Number of protein chains: 2
Amino acid sequence: MATIKDIARKAGVSVTTVSRALNGYDDVNETTRKKIKQVAEELAYSPNAVARSLVSKKTRTIGLIISDINRAGAKDAFAYEVLCGINDRAGDLNYDLLLFSTNPSKQMEKSYTALCKERNVEGAIISGLRLDDPYLQEVIDQNSFPCVLIDIPRTGDNVAYIASDSRAGAATAVQHLLDYGHAEIAMINGHDQAYVSRERLAGYKDALEQANVPFREELVYDGGFTEDGGAEAMYQILLRHPQATAVFCASDLMALGAMRTLEKTGRRVPGDISIVGFDDINIASYCSPKLTTIRQDKYEMGYRGAQLLIDMLDDRTDNRKVTLGNQLIIRESTRNLREG
Amino acid sequence: MATIKDIARKAGVSVTTVSRALNGYDDVNETTRKKIKQVAEELAYSPNAVARSLVSKKTRTIGLIISDINRAGAKDAFAYEVLCGINDRAGDLNYDLLLFSTNPSKQMEKSYTALCKERNVEGAIISGLRLDDPYLQEVIDQNSFPCVLIDIPRTGDNVAYIASDSRAGAATAVQHLLDYGHAEIAMINGHDQAYVSRERLAGYKDALEQANVPFREELVYDGGFTEDGGAEAMYQILLRHPQATAVFCASDLMALGAMRTLEKTGRRVPGDISIVGFDDINIASYCSPKLTTIRQDKYEMGYRGAQLLIDMLDDRTDNRKVTLGNQLIIRESTRNLREG
DNA sequence: CCGCAGATCCGAAACGTTTCGGAAAAAAAT
DNA sequence: ATTTTTTTCCGAAACGTTTCGGATCTGCGG
C-alpha cells in the first residue's frame with residue numbers, strides 16, 4: 001500500500017505538498033501537482049480514510065441501528081424500505097452507512113451510544129426499538145452525536161424523530177368501518193411496548209368516540225405484530241364476540257393471520273367480517289381478498305430521516321419532530337353494510 | 001472525549017499501562033488495573049476505534065456493495081434477505097457492516113475496489129452486479145482484500161462466490177411442466193447481462209432436451225426482471241404462440257406480471273395456462289392462484305456468504321465456490337394435463 | 001538596490017491508539 | 001549477600017494523514 005510518504009519521496013517533495021496537491025489546494029504549482037498526481041497513479045495510491053478520519057475527526061459515516069433487520073421482517077419489508085430510503089439519501093450526500101451488529105439473541109454488552117461513539121459515526125438513525133429498550137434513554141440523554149429515531153417520539157438536544165401519524169391513520173381506518181355501517185369493531189393490536197401500538201389504540205378510540213360508540217376494552221387483543229399472533233387473536237374474537245362484524249388490525253401481517261383464521265373457520269371476508277390492516281405491505285395488494293389498509297410511506301420515512309439527520313449535522317435545522325401522513329387504501333376486505 | 005492520555009494522567013500511570021490494563025494484558029497489577037478501570041469509568045472513556053484501526057490495521061468491518069438495494073427491490077426482497085443473512089452471521093462474529101453509497105443514477109467515480117481499500121474494510125461482499133459492470137473485472141483482479149460475489153460465478157485468488165444452482169432449478173421447473181404434460185412451454189427470462197438469466201435459460205434447454213422437445217428460440221422473451229416486463233412479455237406470447245400451454249418465468253415478479261396479463265385477457269391460471277416462477281418471494285404464497293415456483297434460500301446465501309468471507313479472512317478455507325440447491329414448490333399455478 | 005507581495009513549498013506537531021524493547025523493583029534462588 | 005527470575009511498569013516509535021506557521025524565492029515598483 002503506497003502512502004503519501006512514498007509519493008513524496010518519489011516525487012521529491014514534502015508530504016505536506018503531496019497532501020495539498022491531491023486535495024486541490026491552490027498553493028501548489030500546477031506542474032508539481034501534475035507530477036504528484038502522476039506518481040500517485042503509478043504507485044496505485046489510495047488514500048487511507050482511517051488516518052484521515054483520525055486527524056479530521058470526520059468519518060462521513062452514519063451509524064444505523066435497525067433492530068428489526070431479520071428474517072422475520074422479510075414479509076413486511078418495513079426495515080428494508082426504511083433502509084432503502086436512508087441509503088438513497090445518504091448516498092446522494094456521500095455518506096456511507098455503518099450497520100452495527102446488534103445481536104438481539106444474547107443481550108448486548110455495549111450500548112448503542114457506546115457503539116456510535118467508538119466508531120466515530122457522525123450521527124445515527126435508530127429504528128425498531130421497543131419503548132422499554134434499556135439503552136433508549138441513554139441515547140436520548142447523550143450529547144455527543146445527533147440522532148434520529150424512527151417511530152419513537154422522543155426528542156432531546158441532539159435527538160429528533162420521524163414517525164408516521166399512527167393515531168390519525170388508525171382513526172381513519174376505524175372511521176372507514178363506521179362509515180360502512182359496522183358497529184361492533186374489534187381490534188388486533190401489536191404489543192404494549194410499541195409506540196405505534198399505543199397510538200393506534202388511541203386512534204381506534206378517537207374514531208369510536210367521534211361516532212359515539214362506547215369503547216370496550218375487551219374487544220382489543222394483542223397479536224404481537226406477527227401473522228400467527230393475528231391468527232390466534234382472531235380465534236379469540238370469533239369465540240368471545242360473535243357479533244363483531246369488523247376487525248381493525250394494527251398491522252397487515254396480523255390482518256393476514258386473521259384472514260387465515262377466518263378462512264379456516266369458513267367465514268367470508270368481507271362477506272361475514274370486514275378487515276382493515278395497517279402498513280400496506282406488498283402482499284396486501286396481492287392476497288385474496290385484497291386488503292383494505294392504511295398506507296405508510298416507509299421509504300419516505302427513511303429518506304426524510306436521513307435528510308433530517310444530515311440537516312442536524314450541518315446545523316441547518318432546529319426541527320426535532322417530523323410526522324408523515326398516512327393514506328387509506330380501500331381494496332376488497334371491507335364491506336359496506338349500508339348498501340344492499 | 002476523554003482519551004487514554006487523560007486516564008493515564010489522572011491515574012498517575014503511563015499510557016502504555018492504561019492500554020494494557022484496559023485490554024486485559026496480564027503484565028499489569030490487579031490493583032492498578034482496578035484503579036485505571038475506575039478512572040476510565042469516571043471519565044466516561046470510550047476507546048477510539050479509528051485510532052485503534054490505524055495502528056492495528058484491523059477495522060473489523062465488512063464492506064457491502066449491494067447495488068439492488070432500492071425501492072424497486074422491495075417486492076422481491078432478494079437483497080433484503082441476503083442482507084439479513086449477512087447481518088446475522090457478521091453479527092455473531094462481531095463484524096460491523098459498511099454499506100457503501102453506490103449511487104446508481106449518476107455513474108460512480110470510484111471503483112468498488114477503491115472504496116474498499118480507502119475504508120480499509122477487511123473484506124467485501126458484492127451483490128446485484130450485472131456481468132457487464134465496468135468495475136467487476138477490477139474486483140476480480142485485485143489482490144488487496146478477500147471478496148465474495150453473490151450470484152456471479154467468478155473467482156480469483158482473493159475472490160470467491162456463492163450462487164444458487166439456477167440451471168438445475170430452472171430444469172426442475174420445466175421438468176415439472178413437462179411431467180404435467182405440457183408440450184409448448186414458453187419462457188420469460190430476465191435480461192442477458194444477468195448470470196442467472198443465462199443459467200436459467202440453460203436449465204430450460206436442459207429439461208427440453210432431456211424430454212426430446214426441440215428448443216425454439218422464439219418462445220423465449222425477456223422481461224427485464226420486472227413485473228411490467230413480465231406482463232408485456234406475456235402479451236407477446238399470447239399473440240404469437242397461442243398454442244403455448246405453460247410459461248416458465250425466470251422470476252416470481254415477472255410471473256406475477258404474466259398472471260396479471262392473463263387475468264386481464266380472460267385466461268385462467270392454471271386452467272388455460274400454467275405458470276411457474278423462480279425465487280419464492282413472499283407474495284408467491286399469497287397471490288391467487290398461489291404460485292408454483294423454485295425456492296431459493298436467499299437468507300442462506302447471505303449467511304453462508306458472510307461465513308465464506310470470514311473463513312477467507314482467517315485463511316481457514318481454500319474453497320472459492322459455493323452452490324446452493326433450490327427446491328420446487330408446487331402450489332396452484334400449474335395444471336396437470338394428464339389428469340382429467 | 002531595497003522592500004514587498006505573491007507564489008510555492010516545507011517542518012513539525014497533532015490525532016489516539018498499540019507495541020517493542022527494555023528498566024526498575026520485588027521476590028526467589030543460590 | 002549476590003545473582004537470577006518475576007512482576008510491573010514505561011518511553012518512544014509507529015500508523016497515515018492534515019494543517020499551522022513560517023521559509024524561500026521570484027518579480028516588481030519605487
Side-chain angles (χ1 to χ4, degrees), chain A residues 1-37 39-40 43-61 114-122 144-145, chain B residues 1-40 43-61 96 114-122 144-145:
Chain A
M1 270 308 77
T3 78
I4 218 177
K5 283 185 196 171
D6 300 324
I7 301 180
R9 197 172 320 123
K10 189 157 176 192
V13 294
S14 76
V15 294
T16 306
T17 306
V18 175
S19 174
R20 300 182 71 79
L22 260 23
N23 289 314
Y25 284 69
D26 58 358
D27 66 343
V28 27
N29 189 298
E30 277 310 317
T31 330
T32 22
R33 191 195 302 274
K34 281 265 160 41
K35 168 85 178 170
I36 288 172
K37 282 195 168 174
V39 174
L43 297 177
Y45 170 74
S46 155
N48 182 326
V50 172
R52 194 197 301 250
S53 296
L54 182 58
V55 24
S56 71
K57 306 261 182 214
K58 302 263 177 246
T59 54
R60 255 199 129 60
T61 302
L115 285 175
C116 291
K117 275 165 68 177
E118 284 187 22
R119 289 299 216 125
N120 284 68
V121 299
E122 304 196 7
S144 31
F145 56 91
Chain B
M1 270 307 77
T3 75
I4 219 176
K5 284 185 195 170
D6 300 322
I7 301 179
R9 197 173 319 123
K10 191 160 177 192
V13 294
S14 76
V15 294
T16 305
T17 306
V18 176
S19 173
R20 300 181 72 78
L22 261 22
N23 289 314
Y25 284 68
D26 59 358
D27 65 345
V28 28
N29 189 296
E30 276 311 314
T31 331
T32 26
R33 193 196 301 274
K34 281 264 158 43
K35 169 84 178 167
I36 287 172
K37 282 195 168 175
Q38 184 201 323
V39 174
L43 296 178
Y45 169 74
S46 154
N48 183 326
V50 172
R52 195 197 298 252
S53 296
L54 183 57
V55 25
S56 72
K57 305 267 183 206
K58 302 261 177 245
T59 54
R60 252 197 132 63
T61 302
D96 289 328
L115 285 175
C116 292
K117 275 165 69 178
E118 283 187 24
R119 290 299 216 128
N120 284 64
V121 299
E122 305 196 7
S144 30
F145 55 90

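All values derive from a computational prediction rather than experimental measurement. Naming convention: chains lettered A, B, ... in sequence-line order (proteins, then strands); numbering from 1 in each chain.
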K.L.:
Are any side-chain N or O atoms of B:N23 and backbone N or O atoms of B:Y25, one a donor and one an acceptor, separated by less than 3.5 Å?
P.N.:
no
K.L.:
With a 4.5 Å heavy-atom cut-off, do B:R119 and A:T61 have their side chains touching?
P.N.:
yes
K.L.:
Over all heavy atoms of both residues, which pair between A:C116 and A:F145 is shortest? Give the atoms and the distance, please.
P.N.:
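Result for this residue pair: CB-CZ, 3.4 Å.
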K.L.:
Closer to the 5' end of DNA chain D via nearest nucleotide, is it B:L54 or B:V15?
P.N.:
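The residue closer to the strand's 5' end, by nearest nucleotide, is B:V15.
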K.L.:
What range of DNA chain C does chain A touch, first nucleotide to last, counting atoms under 4.0 Å from its heavy atoms?
P.N.:
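Nucleotide range in contact with chain A: C:dT8 to C:dG16.
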K.L.:
Answer with base, sugar-phosphate or nothing: what part of the nucleic acid does A:V50 contact at a heavy-atom distance below 4.0 Å?
P.N.:
nothing
K.L.:
By nearest heavy atom, map B:S56 and A:T16 onto DNA chain C; which one lands nearer the 5' end?
P.N.:
A:T16
K.L.:
Taking for each residue the nucleotide of DNA chain C bearing the nearest heavy atom, is the 5' side occupied by B:V55 or by A:D26?
P.N.:
A:D26
K.L.:
Please list, in numerical order, the residues of residues 28-40 of chain B that have a heavy atom closer than 4.0 Å to any atom of DNA chain D.
P.N.:
B:V28, B:N29, B:T32
K.L.:
Of A:R20 and B:S14, whose nearest nucleotide on DNA chain D comes first from the 5' end?
P.N.:
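Final value for this comparison: B:S14.
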K.L.:
How would you label the contact of A:N48 with the nucleic acid (heavy atoms, under 4.0 Å): base, sugar-phosphate, or nothing?
P.N.:
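Sugar-phosphate, no base atom in range.
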K.L.:
Ignoring hydrogens and geometry, is there a side-chain-to-backbone donor-acceptor pair from B:S19 to B:V15 under 3.5 Å?
P.N.:
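No, B:S19 side chain to B:V15 backbone: no donor-acceptor pair under 3.5 Å.
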K.L.:
Scan A:T3 against the nucleic acid and name what it touches under 4.0 Å (heavy atoms): base, sugar-phosphate only, or nothing.
P.N.:
sugar-phosphate
K.L.:
If you look at every heavy atom in A:R60 and A:E122, which pair is closest and at what distance?
P.N.:
N-OE2, 2.6 Å
K.L.:
Take a 6.0 Å sphere around NZ of A:K10 and say whether it holds more than 12 heavy atoms from other residues, nucleotides or ligands.
P.N.:
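Counting neighbours around NZ of A:K10, more than 12 heavy atoms of other residues, nucleotides or ligands fall under 6.0 Å, so yes.
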K.L.:
Determine, step by step, whether A:N48 and A:T3 satisfy the side chain to side chain contact (heavy atoms under 4.5 Å, CB included) criterion, reporting the C-alpha distance in whole Å, the side-chain angles of both residues, the deciding distance to 0.1 Å, and the verdict.
P.N.:
CA-CA 8 Å; A:N48 182 326; A:T3 78; over 6 Å; no
K.L.:
Do B:I36 and B:R33 come close enough that some side-chain heavy atom pair is under 4.5 Å?
P.N.:
no
